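Contents: one structure, followed by commentary.
Predicted, not measured: the structure shown is a model, and the values here were computed from it.
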There are 2 protein chains.
Amino acid sequence: MTLLDVAQRAGVSVATASRVLNGGDRVPRPELQERVKAAADELGYTPNAQAQALAKSSTNVVGILVHDIEDPYFAAIANGVMRAADERNLLVMMASTFRDSDREIAYLSSLRAQRARAAVMIGSRRTDSESLARTATEVETFLNSGAGLALVSQSGMPAHTVEPDNRSGSADLARELVGLGWRKFAVLGGPETLATARDRRDGFVAGLAEAGLQPVAVVAGDFTRDGGYAAAEQLLDRQADVDCVFAVNDVMAVGAMSALRARGVDVPGRLGVAGFDDIATLRDVWPGLTTVRLPLEQMGRRALELAIEGGDATTETFKAEVVLRESTARG
Amino acid sequence: MTLLDVAQRAGVSVATASRVLNGGDRVPRPELQERVKAAADELGYTPNAQAQALAKSSTNVVGILVHDIEDPYFAAIANGVMRAADERNLLVMMASTFRDSDREIAYLSSLRAQRARAAVMIGSRRTDSESLARTATEVETFLNSGAGLALVSQSGMPAHTVEPDNRSGSADLARELVGLGWRKFAVLGGPETLATARDRRDGFVAGLAEAGLQPVAVVAGDFTRDGGYAAAEQLLDRQADVDCVFAVNDVMAVGAMSALRARGVDVPGRLGVAGFDDIATLRDVWPGLTTVRLPLEQMGRRALELAIEGGDATTETFKAEVVLRESTARG
DNA sequence: CTGTTAGCGCTTTCAA
DNA sequence: TTGAAAGCGCTAACAG
């Protein structure tokens, strides 16, 4: 069923049919409108979006790139992007890159081929890899193609950026924990090359410094549940004299808590534990995890807005807020 | 930059250019291939996917519909679909319907407009609503348009179906729990109109019946964390004589555990708790949640395969497996 | 093996 | 207001 079929059935030209069914410009006389609409649904007509896109050379598709949609952090941000897209009647194409920059680049170029209106890239990249440069190149190409782009948690790209205030969020956390009476801290950091992980660690260290403290131990680990588990084990093996552990994200913190439990270490009795993100799905763990809340959905929404609006690259920072729960309660 | 530009620069026809850059059919002589490729990347040519789709009247786009991507159950299945799509070089369009069938129908029709090759609908619908019939109609329209379709956890539609074995999974769970020594059960069911929730409850009740038992209490609630929380509170208010609680999904179970904790009810000391799904993000809760594991990612993968393959509507059932953890351990 | 050319379905000037 | 017709960029017969 094409527009031509509809037009013929309604006894009008395709131009007229187009105008009543889709067009925003001049509207035909009511009587014709009726006829066309009637013909359209008798025939079960559905416009061919590809053809429309080709003719108008513009689409209503936006892209989302995440590292892993099963990670609740990405899911929460993606949810914000999708809601914002839905409100604007935009269709969303999503891909998981699994932290593989080749996949990422390939997908960005697919979006270009699709003539996507805009894209949102979620999550930070490793700083060490030369592939970061290749990504940057593709980012520029993407922007030069006329599409909009915003990145969440990844600065240094020539596009709009939405960032949580990782440093001051974890500095605040450090202050609060010190205020609670904790003194001997360990940091379970993510990979050294991940800016988000580094910023959270550094912010925390800076916060401690204000109180004249410094971390007793810093253990690097993967930015995942298993990374947190392994880092906690390592910490225990070192037998460091620690009373509170800060893991740079909630997922790691929960992994760490499992490791501690397996080793019979009471939380918060013998060790306090804190995380970062305030993942909704993890709000019911026990003991309740002290963390730093990020407005993840909001950040996603805003990223889409910026990407759609286009314009000069700007950076917006979202404030983080400490949430104290039982995992750092002092006896 | 169009194919014509490339062709001219390489001194060949568009047909030739098309053949070397995209076409799968006859390949031009090596020398020309070189020239075309060179021209293409000097010009930074990217094919226009819309134009290709229009010319070939076929795309490499597939759709995914979820109720809510932030719900880890959907995220896990969607992840499977996306991986399978990635392997086949398919692009994924995703939308959250928030259990609104109008959104669902609208999105299905957008996918039709996009000439999507296939779609996967994840999650079960309510059985009571007349909107189910409207969905069924759109499903047929979708299939008649020539696209493939598979549903996960929703039977009764004229398309491929992938289903977890909810009934026997929860019957198994019931048997295991009885084997552990639990006797006085409460079921925190989802909405009566949700087939998945009903099947899990019924399966559990059937499993109990084998041991000559029947649930002391059945409380309906929303299929969410808050639903579980509220249902548990209600259960406590009734002061029913219960020793073990089965919530029809993990998210509800975790909500219920929080409610119990808030009321000072020890798990599993005073009350055992079990869930269903084995959500990865919740594997670290404490006490570890006894549940029924579903191969969510696998189900997603398979759904995509079926959707792509097309053919007559088939139903595939995936076995569920009981996972006993601390939340139902007997003192 | 390569080029010509007629569409794919729709939008959008440009005339009428 | 309505219609005719020229593309949008690419593919796929069909010739050569």
In this structure, CG of A:Leu54 is separated from OG1 of A:Thr59 (nearest 0.5 Å) by 12.0 Å
If you compare every side-chain N and O of B:Thr16 against the phosphate oxygens of C:dG3 (OP1, OP2), does one of them come in below 4.0 Å? yes
How many Å lie between CG on A:Asn60 and P on C:dC10, as a whole number? 15 Å
Taking atom P of D:dA12 as reference, at what distance in whole Å does atom CG of B:Leu21 sit? 14 Å
Apply side chain to side chain donor-acceptor pair (under 3.5 Å) to A:Asn48 and list each qualifying residue two or more places apart in sequence or on a separate chain. none
Can you tell whether the side chains of A:Glu87 and A:Arg83 come within less than 4.0 Å, N to carboxylate O? no
Look at the side chain of A:Ser13 and the backbone N and O of A:Thr16, then say whether any donor-acceptor pair between them is shorter than 3.5 Å. yes
Output the rounded distance in Å from CE (B:Met1) to C1' (D:dG9). 13 Å
Using the test salt bridge (Lys or Arg N to Asp or Glu O under 4.0 Å), find all partners of A:Glu42 that sit at least two apart in sequence or belong to another chain. A:Arg9
Between A:Ser18 and C:dT11, does any side-chain N or O lie under 4.0 Å from OP1 or OP2? yes
Donor-acceptor contact below 3.5 Å, side chain A:Arg117 vs main chain A:Val62: no
Could you give all pairs that pass the side-chain hydrogen bond (donor to acceptor under 3.5 Å, both in side chains) test and reach residues 88-98 of chain A, with sequence neighbours left out? A:His67-A:Thr97
I'd like to know if the side chain of B:Ser57 reaches the main chain of B:Ala55, judged simply by a donor and an acceptor atom lying under 3.5 Å from each other, with no hydrogens or angles considered. no
Nucleotides 14-16 of chain D: which of its N/O atoms have a protein N/O under 3.5 Å away?
none

Can you list, in residue-number order, the parts of residues 109-118 of chain A that come under 4.0 Å of DNA chain C, counting heavy atoms only? none
Under 3.5 Å, which N/O atoms of the protein pair with N/O atoms of nucleotides 5-8 of chain D?
| unit_1 | atom_1 | unit_2 | atom_2 | d |
| --- | --- | --- | --- | --- |
| D:dC8 | O2 | A:Ala55 | N | 3.3 |

Sorted by chain and residue number, the side chain to side chain donor-acceptor pair (under 3.5 Å) partners of A:Glu309 (sequence neighbours excluded) come out as none
Here the gap from B:Arg19 atom CZ to B:Gln33 atom CD, rounded to the nearest 0.5 Å, amounts to 11.5 Å
Who pairs with A:Tyr107 by ring-ring contact (aromatic ring centres under 6.0 Å, His included), at least two apart in sequence or on another chain? none
Without swapping roles, check the side chain of A:Thr314 against the backbone of A:His160 for a donor-acceptor pair under 3.5 Å. no
Side chain A:Gln50, main chain B:Gln114, donor-acceptor under 3.5 Å: yes
Heavy atoms within less than 4.0 Å of DNA chain D: which residues of residues 39-47 of chain B have one? Give them sorted by number. B:Tyr45, B:Pro47
Partner residues of B:Glu70 under the salt bridge (Lys or Arg N to Asp or Glu O under 4.0 Å) criterion, sequence neighbours left out: none
Grab the CG-P distance between B:Leu4 and D:dC10 for me, whole Å please. 9 Å
In degrees, rounded to 10°, what is the bend between the two ends of the helix from C:dC1-D:dG16 to C:dA16-D:dT1, using five pairs at each? 40°
Heavy-atom count check: over 12 atoms from other residues, nucleotides or ligands less than 6.0 Å from A:Asp41 CG? yes
What's the CD-C1' distance between A:Gln50 and C:dT11, to the nearest Å? 15 Å
How close or far is atom C1' of C:dG9 from atom CG of A:Asn22, stated in whole angstroms? 11 Å
Quick one: which residue pairs count as a salt bridge (Lys or Arg N to Asp or Glu O under 4.0 Å) with a foot in residues 51-69 of chain B, not counting sequence neighbours? none
